[in-house]
Amino acid sequence: MSGDFVRGLRLWFAPGRIREEGDTPDYRFSLANERTFLAWIRTALALIGGGFAVDQFLPDLAWGIRAGLALGLLAAGVLCALRAVNHWVRCERAMRRGEDLPVSRFPALIGLVVAVVAVVMVVVVLFGWEGR
(Lines give C-alpha, C1' and ligand atoms only; values in the text may rest on other atoms or scores of the structure.)
Protein backbone atom coordinates (compact mmCIF):
# COMPACT_ATOMS: atom_id res chain seq x y z
CA MET A 1 0.00 0.00 0.00
CA SER A 2 2.68 2.50 1.01
CA GLY A 3 4.87 1.60 -1.98
CA ASP A 4 1.97 2.07 -4.38
CA PHE A 5 1.22 5.47 -2.83
CA VAL A 6 4.84 6.60 -3.25
CA ARG A 7 4.89 5.32 -6.84
CA GLY A 8 1.66 7.19 -7.58
CA LEU A 9 3.04 10.35 -6.00
CA ARG A 10 6.19 10.11 -8.13
CA LEU A 11 3.99 10.03 -11.23
CA TRP A 12 2.72 13.49 -10.31
CA PHE A 13 6.16 14.87 -11.13
CA ALA A 14 7.20 12.40 -13.83
CA PRO A 15 4.03 11.73 -15.84
CA GLY A 16 6.07 10.34 -18.73
CA ARG A 17 6.57 7.21 -16.63
CA ILE A 18 2.88 6.42 -17.05
CA ARG A 19 3.74 5.31 -20.58
CA GLU A 20 5.69 2.40 -19.09
CA GLU A 21 2.40 0.81 -18.02
CA GLY A 22 -0.08 -0.98 -20.25
CA ASP A 23 -1.13 0.16 -23.70
CA THR A 24 -1.71 3.64 -25.02
CA PRO A 25 -5.44 4.45 -24.81
CA ASP A 26 -7.34 6.27 -27.52
CA TYR A 27 -6.04 9.84 -27.32
CA ARG A 28 -9.61 11.15 -26.97
CA PHE A 29 -9.85 9.46 -23.56
CA SER A 30 -6.56 10.98 -22.41
CA LEU A 31 -7.71 14.40 -23.58
CA ALA A 32 -11.03 13.97 -21.77
CA ASN A 33 -9.07 13.04 -18.65
CA GLU A 34 -7.04 16.22 -19.06
CA ARG A 35 -10.20 18.34 -19.47
CA THR A 36 -11.55 16.83 -16.26
CA PHE A 37 -8.27 17.73 -14.54
CA LEU A 38 -8.60 21.32 -15.74
CA ALA A 39 -12.21 21.49 -14.49
CA TRP A 40 -11.01 20.39 -11.04
CA ILE A 41 -8.29 23.07 -11.14
CA ARG A 42 -10.86 25.73 -12.07
CA THR A 43 -12.99 24.57 -9.15
CA ALA A 44 -9.99 24.78 -6.83
CA LEU A 45 -9.23 28.33 -8.00
CA ALA A 46 -12.86 29.35 -7.48
CA LEU A 47 -12.85 27.93 -3.95
CA ILE A 48 -9.59 29.71 -3.13
CA GLY A 49 -10.95 32.95 -4.59
CA GLY A 50 -14.11 32.51 -2.53
CA GLY A 51 -12.06 32.04 0.61
CA PHE A 52 -10.17 35.26 0.01
CA ALA A 53 -13.41 37.07 -0.88
CA VAL A 54 -15.05 36.03 2.39
CA ASP A 55 -12.02 37.24 4.34
CA GLN A 56 -11.58 40.53 2.49
CA PHE A 57 -15.15 41.61 1.74
CA LEU A 58 -16.88 40.74 4.99
CA PRO A 59 -14.88 42.79 7.52
CA ASP A 60 -17.94 43.37 9.75
CA LEU A 61 -18.43 39.65 10.24
CA ALA A 62 -17.22 38.29 13.58
CA TRP A 63 -13.57 37.27 13.16
CA GLY A 64 -14.06 33.62 14.17
CA ILE A 65 -16.92 33.10 11.73
CA ARG A 66 -15.15 34.96 8.92
CA ALA A 67 -11.91 33.06 9.47
CA GLY A 68 -13.73 29.73 9.72
CA LEU A 69 -15.60 30.27 6.46
CA ALA A 70 -12.53 31.56 4.66
CA LEU A 71 -10.33 28.71 5.91
CA GLY A 72 -12.99 26.15 4.99
CA LEU A 73 -13.07 27.42 1.41
CA LEU A 74 -9.29 27.75 1.19
CA ALA A 75 -8.77 24.22 2.53
CA ALA A 76 -11.35 22.87 0.09
CA GLY A 77 -9.49 24.62 -2.74
CA VAL A 78 -6.15 23.15 -1.71
CA LEU A 79 -7.61 19.65 -1.40
CA CYS A 80 -9.36 20.03 -4.74
CA ALA A 81 -6.13 21.03 -6.50
CA LEU A 82 -4.21 18.12 -4.98
CA ARG A 83 -7.01 15.71 -5.77
CA ALA A 84 -7.06 16.91 -9.39
CA VAL A 85 -3.50 15.71 -9.95
CA ASN A 86 -4.09 12.45 -8.09
CA HIS A 87 -7.28 11.72 -10.01
CA TRP A 88 -5.64 12.47 -13.37
CA VAL A 89 -2.78 10.05 -12.64
CA ARG A 90 -5.09 7.31 -11.34
CA CYS A 91 -7.41 7.57 -14.35
CA GLU A 92 -4.57 7.63 -16.85
CA ARG A 93 -3.02 4.53 -15.28
CA ALA A 94 -6.36 2.72 -15.22
CA MET A 95 -6.99 3.49 -18.90
CA ARG A 96 -3.55 2.24 -19.88
CA ARG A 97 -4.05 -0.96 -17.90
CA GLY A 98 -7.55 -1.57 -19.28
CA GLU A 99 -9.04 -1.34 -15.78
CA ASP A 100 -12.21 0.32 -14.57
CA LEU A 101 -11.77 3.99 -13.77
CA PRO A 102 -11.20 4.62 -10.06
CA VAL A 103 -14.12 5.68 -7.91
CA SER A 104 -13.87 8.41 -5.31
CA ARG A 105 -15.78 9.89 -2.41
CA PHE A 106 -14.00 13.20 -2.91
CA PRO A 107 -16.79 14.88 -4.95
CA ALA A 108 -19.22 14.15 -2.11
CA LEU A 109 -16.73 15.53 0.45
CA ILE A 110 -16.08 18.74 -1.47
CA GLY A 111 -19.82 19.12 -2.06
CA LEU A 112 -20.49 18.81 1.67
CA VAL A 113 -17.83 21.38 2.56
CA VAL A 114 -19.21 23.87 0.05
CA ALA A 115 -22.79 23.18 1.20
CA VAL A 116 -21.89 23.74 4.87
CA VAL A 117 -20.12 27.01 4.07
CA ALA A 118 -23.09 28.10 1.94
CA VAL A 119 -25.58 27.32 4.73
CA VAL A 120 -23.49 29.29 7.23
CA MET A 121 -23.33 32.18 4.74
CA VAL A 122 -27.13 32.11 4.37
CA VAL A 123 -27.48 32.30 8.14
CA VAL A 124 -24.96 35.17 8.25
CA VAL A 125 -26.84 37.07 5.54
CA LEU A 126 -30.21 36.52 7.24
CA PHE A 127 -29.11 37.34 10.78
CA GLY A 128 -26.19 39.69 10.05
CA TRP A 129 -23.64 38.50 12.59
CA GLU A 130 -21.25 41.37 13.12
CA GLY A 131 -17.93 41.39 14.92
CA ARG A 132 -17.03 44.05 17.42
Side-chain angles (χ1 to χ4, degrees):
M1 179 78 177
S2 173
D4 195 39
F5 173 76
V6 171
R7 178 166 162 62
L9 193 60
R10 285 183 183 153
L11 290 175
W12 288 22
F13 303 101
R17 290 180 139 180
I18 291 175
R19 292 184 177 150
E20 297 170 1
E21 297 186 31
D23 299 319
T24 302
D26 185 329
Y27 71 92
R28 293 173 291 182
F29 299 124
S30 289
L31 292 174
N33 190 28
E34 188 172 325
R35 285 190 300 274
T36 302
F37 166 78
L38 293 172
W40 279 101
I41 293 296
R42 284 191 302 273
T43 302
L45 289 170
L47 289 165
I48 291 167
F52 281 118
V54 165
D55 184 55
Q56 294 299 307
F57 297 120
L58 297 174
D60 293 335
L61 191 60
W63 181 85
I65 294 169
R66 188 178 78 230
L69 292 172
L71 289 174
L73 289 169
L74 290 168
V78 168
L79 290 174
C80 194
L82 294 173
R83 180 66 176 136
V85 178
N86 182 262
H87 186 72
W88 176 82
V89 167
R90 291 175 62 213
C91 286
E92 198 65 29
R93 288 175 78 189
M95 288 188 297
R96 295 188 70 80
R97 294 174 176 176
E99 300 171 352
D100 289 339
L101 294 180
V103 296
S104 174
R105 291 185 185 107
F106 187 76
L109 173 68
I110 204 81
L112 281 171
V113 168
V114 171
V116 166
V117 170
V119 167
V120 172
M121 290 301 297
V122 166
V123 170
V124 167
V125 168
L126 289 177
F127 297 105
W129 289 341
E130 295 180 1
R132 297 275 178 226

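Please read all numbers here as calculations on a predicted model, not as lab measurements.
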What one should report as the nearest heavy-atom pair of Arg83 and Phe106 is CG-CD2, 3.4 Å

Under 4.0 Å between a Lys/Arg side-chain N and an Asp/Glu carboxylate O for Glu21 and Arg93?
yes

Shared ILVMFWY cluster between Val117 and Leu112, side chains joined below 4.5 angstrom?
no

Could you check whether any side-chain heavy atom of Ile18 comes within less than 4.5 Å of a side-chain heavy atom of Arg96, counting everything from C-beta outward?
yes

Under the side chain to side chain donor-acceptor pair (under 3.5 Å) definition, can you give me all pairs with a residue in residues 47-57, not counting sequence neighbours?
Asp55-Arg66

Please find the pair of heavy atoms, one from Ile41 and one from Ala84, that lie closest to each other, and give the distance.
CD1-CB, 3.9 Å

Other residues, nucleotides, ligands: >12 heavy atoms within 6.0 Å of Asp23 CG
no

Trp40 side chain near Pro107 side chain, heavy-atom distance below 4.5 Å
yes

With the 4.5 Å side-chain cut-off for hydrophobic clustering, are Val114 and Leu74 part of the same group?
no

Interatomic distance, Arg42 atom CZ to Phe37 atom CZ [nearest 0.5 angstrom]
10.5 Å

Heavy-atom neighbours of Arg97 CZ exceed 12 at 6.0 Å
yes

So if you build clusters from Ile, Leu, Val, Met, Phe, Trp, Tyr with side-chain heavy-atom gaps below 4.5 Å, do Leu45 and Val85 land together?
yes

Work out which heavy atom in Cys91 is nearest to a heavy atom in Asn33; give both atom names and the distance.
CB-OD1, 3.5 Å

Passes side-chain hydrogen bond (donor to acceptor under 3.5 Å, both in side chains), Ser104 versus Arg90? Steps please.
CA-CA 11 Å; Ser104 174; Arg90 291 175 62 213; 5.1 Å; no

For Leu69 and Leu61, what are the C-alpha separation, side-chain angles and deciding distance, and is it a side-chain contact (heavy atoms from CB on, under 4.5 Å)?
CA-CA 11 Å; Leu69 292 172; Leu61 191 60; 4.2 Å; yes

Do you reckon Val89 sits in the same ILVMFWY cluster as Tyr27, going by side-chain contacts under 4.5 Å, direct or chained?
no

Is there a continuous path of hydrophobic side-chain contacts, each under 4.5 Å between heavy atoms, that joins Val120 to Leu47?
yes

For Arg105, give me all partners under salt bridge (charged side-chain N to carboxylate O under 4.0 Å, His left out), at least two apart in sequence or on another chain.
none

One should read off an interatomic distance between Trp88 CH2 and Ser30 OG, to the nearest 0.5 angstrom, of 8.0 Å

Which distance, rounded to the nearest 0.5 Å, do you find between the NE2 of His87 and the CG of Leu82?
14.5 Å

Taking every heavy atom of Cys80 against every heavy atom of Ile110, the minimum-distance pair comes out as CB-CD1, 4.3 Å

Heavy-atom nearest pair, Gly77 first then Ala44, reads O-CB, 3.3 Å

Heavy-atom distance under 4.5 Å between the side chains of Leu31 and Arg28, does that happen here?
no

